[in-house]
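Structure, as structure tokens:
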Amino acid sequence: MAIERSKRPLAAARMTSMTRQLLHASSLCAIATVSPGSRAHVNTTYFAWSPEFDLVWLSDPHAKHSRNIRANDSVAIAVYDSSQSWGNPDRGIQLFGTAREVQGAAAQGPETLYAMRFPEYRQGELSVYRFYVFRTRRLKLFDEPTFGAGVFVTASITGQRRLVWERTEIYGSAA
């Protein structure tokens, strides 16, 4: 498979809009963490997100992925609509960054985001659980209805929490 790179940057406003649409498209995400011994571990959970592209979720601090985050904060997350079907245009987003557990006053913002996305959530209902905050550093968008088949747009996030285009890769068939 040949991979081409486009030199034409994507506007920050367009990437921001698409990122928000893709994060809104599903309430579930797959969280990849690194286990001791550098083994991959994945967990699926409900998440909410901030305008700055931070993701938050609620989890048991004794769960394997939570223990992994305490030992190694490197995390990757995939968000996509699982009802998509093979052969039709797909959409999704991959995010790369770091995560941490938050408690006390530091959990108020994440809890507010979570409660806004999930009105059924009740504070204190899951008192043994903790909120986790994922800070996105880089993301990869794929939106075949918009970009076409096999097109992936990668962006980094600045200290001011703005998206900056890095590259566009076009995956084509090997001749």
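This chain uses plain numbering: 1 for the first residue, then up along the sequence.
- A donor-acceptor contact shorter than 3.5 Å links the side chain of R117 to the backbone of F47.
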Next on the checklist: Run E4 and Y171 through side chain to side chain donor-acceptor pair (under 3.5 Å) and show every step you take.
Outcome noted: CA-CA 7 Å; E4 296 178 38; Y171 289 69; over 6 Å; no

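- For S66 (side chain) and H62 (main-chain N/O), no donor-acceptor pair under 3.5 Å exists by modelled atom type.
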Next on the checklist: For a side-chain contact (heavy atoms from CB on, under 4.5 Å) check, start with the C-alpha distance between I3 and I170, then their side-chain angles and the critical distance, and finish with the verdict.
Outcome noted: CA-CA 6 Å; I3 302 171; I170 305 161; over 6 Å; no

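- With no hydrogens or angles considered, a side-chain donor-acceptor pair links Q21 and S17 at under 3.5 Å.
- By the rule that hydrophobic residues join a cluster once side-chain heavy atoms approach within less than 4.5 Å of another member, V56 and I31 end up as members of separate clusters.
- Of all heavy-atom pairs spanning R137 and G97, the tightest one is CG-CA, 3.7 Å.
- E120 is linked by a side chain to side chain contact (heavy atoms under 4.5 Å, CB included) to F118, counting only residues two or more places apart in sequence or in another chain.
- Distance alone, capped at 3.5 Å, places no donor-acceptor pair between the T136 side chain and the R138 backbone.
- Between L163 and F53, the shortest heavy-atom contact is CG-CE1, 3.9 Å.
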Checklist entry - E144 and R91: salt bridge (charged side-chain N to carboxylate O under 4.0 Å, His left out), yes or no, with the steps? => result CA-CA 6 Å; E144 291 181 334; R91 306 174 70 217; over 6 Å; no

Name each donor-acceptor pair under 3.5 Å that joins a side chain in residues 147-155 to protein atoms two or more places apart or in another chain, with its distance.
none

Next on the checklist: Between M18 and T146, does the side-chain contact (heavy atoms from CB on, under 4.5 Å) criterion hold? Intermediate values first, please.
Outcome noted: CA-CA 9 Å; M18 291 184 71; T146 301; 4.1 Å; yes

Next on the checklist: Before you tell me yes or no, could you show the steps for V75 and T98 under side-chain contact (heavy atoms from CB on, under 4.5 Å), namely the whole-Å CA-CA distance, both residues' side-chain angles and the distance that decides it to 0.1 Å?
Outcome noted: CA-CA 5 Å; V75 172; T98 57; over 6 Å; no

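- Note that the CG atom of L139 and the CD atom of Q94 stand 9.5 Å from one another [nearest 0.5 Å].
- Side chain of R162 to main chain of G159: no donor-acceptor pair is present (N/O by atom type, distance under 3.5 Å, no hydrogens or angles).
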Ignoring hydrogens and angles, write down the donor-acceptor pairs under 3.5 Å from the side chains of residues 22-29, residues two or more places apart or on other chains.
residue	atom	partner	partner atom	Å
S26	OG	L28	N	3.2
S26	OG	L28	O	3.2
S26	OG	Y80	O	3.4

Item to check | Chi angles and distances behind the salt bridge (charged side-chain N to carboxylate O under 4.0 Å, His left out) call for R100, D73 | outcome: CA-CA 7 Å; R100 65 186 172 86; D73 66 356; over 6 Å; no

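- Here the closest heavy-atom approach between residue L113 and residue W49 is recorded as CD2-O, 3.7 Å.
- The two residues I93 and F142 make their nearest non-hydrogen contact at N-CE2, 3.9 Å.
- In the hydrophobic clustering of ILVMFWY residues, with side-chain heavy atoms under 4.5 Å counting as a link, I157 and L95 come out together.
- Of all non-hydrogen atoms in D143 and P145, the two that sit nearest each other are OD1-CD, 3.0 Å.
- To the nearest 0.5 Å, atoms OG (S156) and CD (E166) are separated by 4.0 Å.
- The closest side-chain heavy-atom distance from N68 to P36 is below 4.5 Å.
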Item to check | Step-by-step salt bridge (charged side-chain N to carboxylate O under 4.0 Å, His left out) determination, D60 to R130 | outcome: CA-CA 6 Å; D60 186 324; R130 300 287 181 266; over 6 Å; no

Checklist entry - Where do W57 and N43 land on the side-chain contact (heavy atoms from CB on, under 4.5 Å) test, with the steps shown first? => result CA-CA 11 Å; W57 66 87; N43 183 71; 5.9 Å; no

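- A 6.0 Å sphere centred on CZ of R167 holds more than 12 heavy atoms belonging to other residues, nucleotides or ligands.
- With a 4.5 Å cut-off on side-chain heavy atoms, K7 and R5 do not count as touching.
- Both V102 and Y129 sit in one connected hydrophobic cluster of ILVMFWY residues. Membership requires side-chain heavy atoms under 4.5 Å apart, directly or through other members.
- Environment of CZ in F96: crowded, with over 12 heavy atoms of neighbouring residues, nucleotides or ligands closer than 6.0 Å.
- Summarising the geometry, atom CD belonging to Q160 is positioned 12.0 Å from atom CD belonging to E52; distances are rounded to the nearest 0.5 Å.
- To the nearest 0.5 angstrom, R70 atom CZ is 10.0 Å from H65 atom NE2.
- Counting only heavy atoms from C-beta outward, the side chains of R161 and P51 never approach each other to under 4.5 Å.
- Using modelled atom types and a 3.5 Å distance limit, the side chains of S74 and N72 yield no donor-acceptor pair.
- One distance of note links CZ of R39 with OG1 of T33; it measures 13.5 Å at 0.5 Å rounding.
- Atoms CG and CH2, from L141 and W165 in turn, are 13.0 Å apart once rounded to the nearest 0.5 Å.
- A distance-only check finds no donor-acceptor pair linking the side chain of R135 to the backbone of L55 [under 3.5 Å].
- Residues V133 and Y121 fall within the same hydrophobic cluster, defined by Ile, Leu, Val, Met, Phe, Trp and Tyr side chains chained together at heavy-atom separations under 4.5 Å.
- By the criterion of side-chain heavy atoms lying less than 4.5 angstrom apart, applied directly or through intervening Ile, Leu, Val, Met, Phe, Trp or Tyr residues, Y132 is not grouped with Y46; the two fall into different hydrophobic clusters.
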